[in-house]
Amino acid sequence: LEKVSDDPSKLKPRPPVVTLMGHVDHGKTSLLDAIRKTNVAGKEAGQITQHIGAYGVDIPGKGHVTFLDTPGHEAFTAMRARGANVTDVVVLVVAADDGVMPQTTEAIAHARAAGCPIVVALNKSDLPTADPQRVMGGLQKLDLVSEEWGGKTICAKVSAKTGLGIEELLEMLLLEAEVLELKANPDRSAQGTVIEAKLTKGQGPVATMLVQNGTLRVGDLVVAGQHYGKVRALRNDRGKAVKEARPSYAVEVLGLSGTPEAGEIFVVISDEKVARRLVEKRSLEIREREIKGFHPKHLSLEDLYSQMKEGRVKELKLIIKADVQGSVEALTQSLEQIAAEKIKIRVLHGGVGGINESDVMLAVASDAIVIGFHVKSDERAEVLIEHEGVDVRFYNIIYEAIEDVRKAMEGLLEPTMKEVVEGRTEVRQIFQSSRIGKIGGAIVRKGKLARNHHIRVIRNNIIVHVGKLASLKRFKDDVREAQEGYDCGVVVDGFNELQEGDILESYRIEKVATKLV
Ligand code: GDP
């Protein structure tokens, strides 16, 4: 698809698209609801906003603001990891009776990594225990200095409970949008991002799409991911049929051939043949990737140097998690001070605590490396690390972390993990068990096969699955390993497509001793 650049003279101001973030229980959901209720135009007509993933608020005579309905930095960064940048402004919700908390810090890091400006909403200002000055002090330490204190950050005192300050907040968002000079060309074919999609019984696939450029109209031919279709109807966030959606407006789209994924880009294409070919090509690519077990490779410290040389990386982004704040600061300072000509180090986020999903997601979306100091990653983070192939490194000595990063920048870092192939096992026969699924009767052709090995299932020299064994048996007994020349029974975990003739290549991942300097 060719990118059509717009003639600057055709660009017109567009409303801001806003996401709410903040610590749990600081009032994101309540504030979204309260904002929804201030939607005067909607109330007058007796219309209730529907949950379609985004909604708009009209500020009569002043403008319009679109809010994404899924608050939180996790959702925000998950979208970004899929390549979708839809938020123009982040509203950071901080409870005025509480202050800066771990997820507040995370949210700031996520917004900044995306280059999104932050407007602060000091929520729960109705409470007698609210202490906005103290909260602003906390924010200042994170370089968010309120205008009141001579800084640049807009801080609005609000209450989701009483409605206090909400109209002012909306006006401030419009002000921020003006400063950002958000523009789009409404007079062209539409493109944007899928916010969510579902399959309904009566109407088939329904997708909420945020128009980011152009105008989307009934009758347009839309391609989104692996799906396409002629727009049969458009519905706004009040459930009302509309004929078109302009830039920064979200609408439900009826008429697609299936449900695209959230975060998928959509485009309007005039030629049906082109649309169909595009969709076919995409489906094929996705299937190929699934078979090969391919997932996009993220930056690792080991290939930092070659990436730098090729000019692909100009900045090394890090996420640092440690057991105490003092270590976070010591590491951040020492790392940022490593002098290098060709590359800058930027710590996207530093915090106290184990490595969680949100850290890994941020690394995925920003191509960053995660450093854990005296901490571990939690179970869910572990799954994501493995799935996404993010480089996460654990240290117990600050000096070692700094040395590794320094060496990586000079291309001197030795790989720390190595794969050791242990054996090849051939599947001779398949037995179907109603309880466990496919069991392979196999023979170890070379080396050995152990219960805890990593497994690659190879068919006609193509890797069709990568994973682990669910069980390994000799005759009726569970065994730890089977040696060359012996028969065994195997069940591959999470893979029920085992076939006769498949080869199981078994391997171990070995840590290579790092050389002492
Ligand atoms: P979230 O986790 O950030 O989405 O927070 P919620 O919106 O679920 O709010 C957490 C709690 O704070 C709920 O019990 C709300 O009723 C309460 N709450 C939210 N906003 C306000 C407010 O402005 N004033 C007061 N007093 N309570 C609030």
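Both counts, for ligands and for their atoms, begin at 1 and track the order of listing.
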Note to self: Test of understanding: with salt bridge (Lys or Arg N to Asp or Glu O under 4.0 Å), list the residues that count as partners of Glu264, not counting sequence neighbours.
What the structure shows: none

Next item on the list: Output every pair passing side-chain hydrogen bond (donor to acceptor under 3.5 Å, both in side chains) with a member in residues 81-92, not counting sequence neighbours, ordered by first then second residue.
Entry: Arg14-Asp88, Thr19-Thr87

Check: Using the benzene-type ring in the case of Trp, are the ring centres of Tyr55 and Phe67 under 6.0 Å apart?
Finding: yes

Margin query: Quick test of your reading: applying ring pair (Phe, Tyr, Trp, His ring centres under 6.0 Å), list the pairs with at least one residue in residues 220-251, sequence neighbours left out, ordered by first then second residue.
Written below: His64-Tyr249

Check: So does Arg380 have more than 12 non-hydrogen atoms from other groups sitting under 6.0 Å from CZ?
Finding: no

Checklist line | Contact residues of ligand 1 (heavy atom under 4.0 Å), by chain and number | finding: His23, Val24, Asp25, His26, Gly27, Lys28, Thr29, Ser30, Asn123, Lys124, Asp126, Leu127, Ser159, Ala160, Lys161

Notebook entry, point to check: Any side-chain donor paired with an acceptor under 3.5 Å for Ser377 and Glu382?
Noted result: yes

